[in-house]
Structures are given as C-alpha cells and as structure tokens.
Amino acid sequence: MTFLRVIGFSLALLCFYAIFAHTLPQVEPDLSEPIEVSTDGLDMAGMISLGEDLFSGKGTCTLCHNGMGRAPDTLEMDLAVTFADRLEAVGGEGPAAVEDYIRISMLEPSAYVVAGFGKKGTNDTVSPMPVVDAAPIELNTVEMNAVIAFLQDRAGMEPTVPLPTAEDTPVDEAPVGGEGMVEAPETDIIAALDKFSCSACHDLNGSGADLGPPLGGISARMDRTALMGAILDPNSQIAEGYDEGLMPDTLGEDMHASELLLIIDHLLNLPEPVLSEEPEDDGPITDAAGVIDEYGCAGCHDLEGSEADLGPKLNGISARMDREALKASIIDPNAEITEGYEADMMPDYFGDDMSEGEMTLLLDYLMKLPE
Ligand code: HEC
Ligand code: HEC
Ligand code: HEC
C-alpha cells in the first residue's frame with residue numbers, strides 16, 4: 001500500500017512537470033542566438049561593437065564582471081583610472097600596455113590577480129577567471145581583439161588592436177558558454193528550471209516544494225538586479241525564515257548567461273499564486289509516503305523513480321548502511337558527506353522536526369526499499 005502511495009506521488013510529480021510544460025509562455029532568449037558577424041572589412045567601430053556583444057554574450061564576462069562582487073565591476077568602473085592603477089602595479093604605461101594587460105588578463109588570468117579577488121585560500125595568487133581562448137569560451141584572436149577594443153574605448157582610449165584581415169578565422173557562431181561548461185545552453189524554460197532543480201526547493205506556482213521561498217509573484221518583492229543577486233550569490237542575503245547555505249551558490253558558475261536571463265525573465269513574469277480552496281490536511285501522518293511528502297525527500301533523492309539527483313539514490317540503501325547509520329545520516333547529514341555530493345545541501349533539521357513515529361515510519365520504509 002505504502003509502495004503504491006509513493007509510486008503515486010512520483011507519478012503526480014511527473015504529471016505536474018508535463019502539465020507545467022504546457023502552461024508556460026515561451027520566452028525567447030536573445031543571447032543563445034548565434035552572433036553572426038562577418039569580420040570581413042570590419043572597422044574599429046565595428047570591432048568595439050562586436051567586443052561589447054562578446055562581453056555580455058559568448059564571452060560570458062558579465063556572468064562575473066557585474067555588480068555582484070565576484071569580480072571587478074568592469075562596466076561600471078572608470079577604466080581609465082583602473083588601468084592607470086593596474087599598470088603602475090605591473091610597471092608599464094600607455095594604451096599599448098593596456099592592450100597587453102587586458103590580453104594577459106584573458107589568456108593568463110593568474111599572471112596578475114586583482115587584490116581581494118583571488119581564489120579563496122590562495123592569497124590572491126590564483127585567479128578564478130577562466131582562460132578565454134580555451135574551451136568552453138573559446139574566443140578566437142579577432143574576438144579577443146574586439147573585447148580589448150571595447151574595453152579600451154570605454155577607458156576613453158584609441159584602441160590599439162589590429163583590424164581583422166582576410167586570413168583571420170571568421171568570428172564563429174558557437175553558443176554562449178561559461179566556466180566548465182561543455183554542453184549547449186537550455187533554451188526551453190522548463191528544461192532550464194529542471195537542469196538546476198529550482199522546483200525541487202521552490203514552489204513555482206505548483207510544485208509545493210517549500211525548502212526555499214515560493215517564487216510566484218516574486219516581481220513584487222524583487223527587481224531584475226535583486227533576482228540576479230539572489231541566484232548568483234544566494235548567501236549575501238537570506239530570505240527570512242529560511243536556512244542559509246541551502247540554495248546552491250555555484251549556479252553562477254554552472255549556468256550559461258542565456259539560461260540565467262531566461263530564468264530571470266520567467267520569474268519576473270510569474271504571477272502571484274492563486275490560493276487553492278482545498279482545506280489543508282493537518283491530520284497526523286500515518287505512512288511513509290506522507291513523511292516523505294512532508295519533508296520533501298523525493299525532491300532531492302531518487303526514491304523508486306522520482307529521478308531527482310541532488311542527493312544519492314536511496315533505493316537499496318539497506319545494503320550500504322544499517323538502521324542506526326541511516327538514522328544518523330538523516331539527523332546529522334553533514335557528519336559524513338556521501339562521496340560525490342556536496343556538504344550543507346541536505347537540510348539538517350529533520351532530527352528536530354520529525355516525531356519519533358514519523359522517523360520510525362521512514363526508517364522502516366527505507367530499510368525495505370529494494371535496489
Ligand atoms: C568566472 C568568472 C569570470 C569570468 C567568466 C570572466 N572573468 Fe575576468 N576576472 C574575474 C575575476 C575574479 C577577476 C579578478 C582576479 C584577477 O585579476 O584575475 C577578473 C579580472 C579580469 C580583468 C582584470 C581586471 C582589472 O580590474 O584589472 C580583466 C581585464 C578581465 N577579467 C576581463 C574579462 C573578460 C574580457 C571576460 C570575458 C571574455 C572575463 N573577464 C570573464 C572573473 C571572471
Ligand atoms: C537545494 C534547494 C534550492 C535550490 C535547488 C534552489 N534554491 Fe533558491 N533558495 C533556496 C533557499 C533555502 C532560499 C532562502 C535562503 C536564501 O535566501 O538563500 C532560496 C532563495 C531564493 C531566492 C530569493 C527568494 C526571496 O524571496 O528572497 C530566489 C529568487 C531563488 N532562491 C531562486 C532560485 C532559482 C531560480 C533556482 C534554480 C536556478 C533555485 N533558487 C534553486 C533553496 C534552493
Ligand atoms: C535539499 C536536498 C535534500 C533533501 C530535501 C533531502 N536530502 Fe538526503 N541528502 C542530500 C544530499 C546532497 C546528500 C549527500 C550529502 C550528504 O551526505 O550530506 C544526502 C544524503 C542522504 C543520505 C545518505 C545517503 C548515502 O548514500 O550515504 C540519506 C540516507 C538521506 N540523504 C536521506 C534523506 C531523507 C530520508 C530525506 C527526507 C526526510 C532527505 N534525505 C532529504 C540532499 C537532500
């Protein structure tokens with residue numbers, strides 16, 4: 001019976017995704033469109049404008065170089081002053097030196113690391129910035145020159161980079177990509193939300209997940225910039241009543257810029273949820289499916305087919321741990337982190353929130369869960 005309820009729950013979840021997929025407006029992302037620019041006969045004004053497109057598009061520079069504090073806010077700062085300061089520190093002057101400085105910043109980010117922005121624990125000797133001429137960003141020489149021309153122009157300098165010639169590789173049409181990303185970006189909002197498991201934790205008008213705040217009507221609370229901050233740097237401000245450290249803080253690294261924009265556009269248009277007329281069922285939970293439902297385990301773990309993969313599969317768990325160890329990993333999930341998964345991801349309050357009876361139901365069920 002319990003088994004059937006759980007299957008039912010998983011099926012309901014799958015149906016929800018299927019129905020959800022049909023009720024959404026199709027949002028067209030503009031950044032995932034290939035950048036089609038012929039470099040043949042491009043003049044400096046064209047190079048500057050290409051560089052600007054690359055900076056927020058294929059180069060994914062704005063994924064980090066924005067106002068969120070992950071990297072210097074290049075587009076907002078006075079670049080003339082910044083470059084003068086940087087050149088003094090590295091011993092050089094003039095626009096040609098600026099060209100070299102920017103090129104080296106892109107090709108060997110760790111050569112000069114801006115103070116305070118190095119990788120944690122490296123004392124500013126290692127830059128978190130990806131090399132831009134390697135996969136997956138792969139800017140070619142003309143594209144790098146275009147970005148340099150754009151930044152020099154912003155600093156009020158005459159760009160010093162050469163114009164492209166017929167021998168240069170044409171600007172390719174590769175999709176937008178960021179650090180460590182090899183696969184193409186999702187262009188479908190459902191696939192994008194699914195890829196980053198937003199609905200496992202947030203109610204986006206239907207999933208009922210409540211590990212994070214419901215996002216329906218979020219545009220009344222947050223504008224575009226605040227949303228971007230909440231997604232890229234979730235721990236900078238914690239929504240009241242929710243746990244710090246639960247929302248993944250790696251989304252900025254894992255997302256394509258176009259996916260981020262797609263998700264933000266979708267959230268800004270998500271209406272205030274319609275409150276359901278159904279009375280809440282507040283009776284005591286009497287079976288394992290109810291416990292799993294109440295505490296959202298299937299949002300992160302694959303339990304007989306939910307396909308969630310934020311946490312390890314729990315099928316056949318009794319072959320890996322005994323009842324005591326199982327209980328311990330539910331009550332104190334960070335005491336031991338399952339290999340290949342992240343710490344601080346699984347909520348650590350189940351021990352406090354669950355009654356004895358609920359814990360017993362859950363353990364009985366999990367210990368019998370077949371492989
Ligand atoms: C994953 C995040 C990330 C991405 C993507 C990224 N950068 Fe950076 N970048 C950084 C960080 C962090 C620093 C500061 C540390 C350092 O000096 O390397 C930096 C430094 C720089 C600097 C030196 C800035 C200064 O104030 O002296 C330049 C120039 C630069 N980046 C250009 C770019 C360009 C152009 C792109 C896109 C083609 C890009 N970056 C993409 C993170 C990133
Ligand atoms: C593992 C659970 C989890 C996942 C996955 C997750 N979030 Fe969150 N999110 C949270 C929690 C918990 C909070 C509240 C704490 C905080 O502010 O960091 C939160 C906060 C937020 C907020 C701020 C809401 C407010 O009212 O302040 C936004 C916006 C948001 N998340 C969007 C997203 C999006 C978009 C995704 C998918 C790309 C996502 N989250 C994925 C758990 C998650
Ligand atoms: C927000 C996502 C999330 C939720 C909700 C969640 N877990 Fe987890 N769980 C994880 C992650 C991630 C790990 C692996 C990291 C670790 O060991 O803490 C994990 C680990 C476990 C483990 C250890 C598995 C092993 O193979 O070592 C068990 C058992 C477990 N969870 C059970 C549960 C149960 C039961 C629930 C519901 C009461 C639950 N989890 C809810 C994310 C979650």
Side-chain angles (χ1 to χ4, degrees), residues 51 54-55 58-65 70-72 74 77 79 82-83 85-86 101-102 105-106 109-114 116-119 124 127-130 132 137 139 144 147-148 150-151 178-179 192-193 195-202 204 209 211-215 218 221-222 226-227 230-231 234-235 237-248 251-253 255 259-260 263-264 267 291-292 294-301 303 308 310-314 317 320-321 325-326 329-330 333-347 350 354 362 366:
L54 290 166
F55 198 86
K58 180 183 172 192
T60 67
C61 320
T62 48
L63 216 49
C64 300
H65 292 279
R70 301 180 64 193
T74 313
M77 54 181 42
L79 282 180
T82 306
F83 286 143
D85 283 356
R86 305 285 195 249
Y101 175 75
I102 302 174
S105 293
M106 292 195 288
S110 297
Y112 318 115
V113 179
V114 179
F117 287 102
K119 264 200 179 141
D124 288 342
S127 172
M129 172 161 155
V132 310
I137 300 182
L139 296 189
M144 277 188 286
V147 170
I148 294 170
F150 165 60
L151 293 177
E179 186 177 16
L193 294 172
K195 178 168 170 190
F196 301 106
S197 306
C198 314
S199 347
C201 298
H202 293 282
L204 290 136
L211 286 172
L215 298 182
I218 185 103
R221 301 200 296 284
M222 293 190 167
L227 264 179
I231 297 172
N235 292 324
Q237 231 180 326
I238 304 301
E240 213 186 304
Y242 293 88
D243 279 350
E244 180 168 358
L246 191 53
M247 170 144 166
L251 291 170
E253 283 151 40
M255 273 184 188
E259 289 170 330
L260 179 64
I263 290 176
I264 289 179
L267 293 182
V291 181
I292 287 163
E294 175 73 17
Y295 297 102
C297 318
C300 296
H301 293 282
L303 285 149
L310 282 176
K313 234 172 147 62
L314 297 183
I317 185 92
R320 297 203 296 285
M321 26 175 107
L326 182 59
S329 60
I330 295 170
N334 290 320
E336 232 176 292
I337 303 303
T338 313
E339 211 186 306
Y341 293 88
E342 282 185 54
D344 294 327
M345 183 83 153
M346 171 148 161
F350 293 137
M354 261 183 220
L362 185 61
L366 289 175

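Just so you know, ligand 1 is whichever comes first in the structure, and atom 1 is the first atom listed for that ligand. Please read all numbers here as calculations on a predicted model, not as lab measurements.
At under 3.5 Å, not a single nitrogen or oxygen of Ser105, backbone or side chain, sits near a nitrogen or oxygen of ligand 1. Considering both main-chain and side-chain atoms, Arg221 comes within under 3.5 Å of ligand 2 through a nitrogen or oxygen pair. In terms of N/O distances under 3.5 Å, ligand 1 is not approached by Val147. The shortest N or O to N or O distance between His65 and ligand 1 is below 3.5 Å. Every N/O-N/O distance between Asn334 and ligand 3 stays at or above 3.5 Å. Between Pro248 and ligand 2, not a single N/O pair is under 3.5 Å apart. An N or O contact shorter than 3.5 Å links Pro333 to ligand 3 by distance. Residue-to-ligand polar distances keep Cys198 apart from ligand 2: every N/O pair is separated by 3.5 Å or more. The shortest N or O to N or O distance between Tyr341 and ligand 3 is not under 3.5 Å.
When the heavy-atom distances from atom 8 (Fe) of ligand 3 to His301, Glu342, Glu294 are ranked, the shortest goes to His301. Looking at Pro312, Cys201, Gly340 and measuring to atom 13 (C) of ligand 3, the nearest heavy atom belongs to Pro312. The residue among Thr82, Thr74, Leu151, Val114 with a heavy atom at the shortest distance from atom 17 (O) of ligand 1 is Val114. Closest heavy-atom approach to atom 2 (C) of ligand 3 within the set Ser197, Gly212, Gly296, Cys300: this belongs to Cys300.
Atoms of ligand 2 found under 4.0 Å from any heavy atom of Met222 (numbered from 1 in listed order, with element): 23 (C), 25 (C), 27 (O). For ligand 3, the atoms closer than 4.0 angstrom to any heavy atom of Leu326 are 29 (C). In summary, the atoms of ligand 2 found under 4.0 Å from a heavy atom of Asp243, numbered by their order in the structure, are 12 (C), 15 (C). Contact atoms of ligand 3 toward Pro347: 1 (C), 3 (C), 4 (C), 5 (C) (distance under 4.0 Å to a heavy atom of the residue). Distances below 4.0 Å separate heavy atoms of Met354 from the following atoms of ligand 3: 38 (C). Applying the 4.0 Å criterion to heavy atoms of Leu314 picks out, from ligand 3, the atoms 28 (C), 29 (C), 32 (C). Of all atoms in ligand 1, listed by their number and element, those nearer than 4.0 Å to a heavy atom of Tyr101 are 23 (C), 25 (C), 27 (O). For ligand 2, the atoms closer than 4.0 angstrom to any heavy atom of Pro213 are 13 (C), 14 (C), 19 (C), 20 (C), 24 (C), 25 (C), 26 (O). Remark: ligand 1 atoms within the under-4.0 Å shell around heavy atoms of Arg86 are 25 (C), 26 (O), 27 (O). Near Leu227, meaning under 4.0 Å from any of its heavy atoms, are these atoms of ligand 2: 29 (C). Of all atoms in ligand 2, listed by their number and element, those nearer than 4.0 Å to a heavy atom of Gln237 are 17 (O). Every atom of ligand 3 is numbered from 1 in the order shown, and the set under 4.0 Å from a heavy atom of Met345 is 1 (C), 12 (C). Heavy-atom contacts of Leu211 reach the following atoms of ligand 3: 1 (C), 5 (C) (cutoff under 4.0 Å). Within the listing of ligand 3, atoms 32 (C), 35 (C) sit less than 4.0 angstrom from a heavy atom of Ile330.
Rounded to the nearest 0.5 angstrom, Leu267 CG and Ile218 CD1 are separated by 7.0 Å. In this structure, the separation between CG on Leu251 and CG on Leu260 is 9.0 Å, given to the nearest 0.5 Å. Here the straight-line distance linking atom CD of Glu294 with atom CE of Met354 works out to 9.0 Å at 0.5 Å rounding. Atom CZ of Arg221 and atom CG of Leu215 lie 7.0 Å apart (nearest 0.5 Å).
Residue side and main chain included, Met129 places an N/O/S atom under 2.8 Å of atom 8 (Fe) of ligand 1. Among the atoms of Cys61, none of the N, O or S atoms falls under 2.8 Å from atom 8 (Fe) of ligand 1.
Aromatic ring pairs are classed by plane angle as parallel below 30°, tilted from 30° to 60° and perpendicular above 60°; the pair Tyr101 and Tyr112 is parallel.
Regarding atom 22 (C) of ligand 3, its nearest protein heavy-atom neighbour is Ser329 OG, 4.0 Å. Closest to atom 42 (C) of ligand 3, if we only count protein heavy atoms, is Met346 CB, 3.5 Å. The closest protein non-hydrogen atom to atom 11 (C) of ligand 3 is Gly311 CA, 3.6 Å. Nearest to atom 12 (C) of ligand 3 among the protein's heavy atoms is Leu310 O, 3.2 Å. Annotation: atom 41 (C) of ligand 3 to nearest protein heavy atom, Phe350 CE1, 3.5 Å. From the protein, the heavy atom lying nearest to atom 25 (C) of ligand 3 is Thr338 OG1, 3.4 Å.
Within the 4.0 Å heavy-atom criterion, the part of Glu336 lying near ligand 3 is the backbone and not the side chain. Neither the backbone nor the side chain of Ser110 comes within contact range of ligand 1; no heavy atom lies under 4.0 Å. Contacts between Cys297 and ligand 3, counted as non-hydrogen atom pairs separated by less than 4.0 Å, involve both the backbone and the side chain. Contacts with ligand 3 closer than 4.0 Å are made by side-chain heavy atoms of Leu362 only, the backbone lying farther away. At a 4.0 Å heavy-atom cut-off, ligand 3 does not touch Val291 at all.
With His301 contributing its side chain and Lys313 its backbone, the two residues share no donor-acceptor pair below 3.5 Å. Looking at Asp124, its side chain does come within 3.5 Å of a backbone N or O of Gly118 through a donor-acceptor pair. At distances below 3.5 Å, not a single donor-acceptor pair connects side-chain atoms of Asn334 with backbone N or O atoms of Ala343.
For the ligand labelled ligand 1, residue Phe55 lies inside the 4.0 Å heavy-atom shell.
Within the 4.5 Å cutoff, side-chain heavy atoms of Ile263 are placed close to those of Phe196. In this structure, Cys198 and Leu204 have side chains that are in contact, with non-hydrogen atoms separated by less than 4.5 Å. For the pair Cys201/Leu246, no side-chain contact is recorded, criterion being any heavy-atom separation below 4.5 Å from C-beta on. The shortest distance between side-chain heavy atoms of Val147 and Val132 does not fall below 4.5 Å.
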Exercise for the section: Using the side chain to side chain contact (heavy atoms under 4.5 Å, CB included) rule, take Leu366 and Leu303 through it: C-alpha gap first, then chi angles, then the decisive distance, then the call. Expected result: CA-CA 9 Å; Leu366 289 175; Leu303 285 149; 3.8 Å; yes

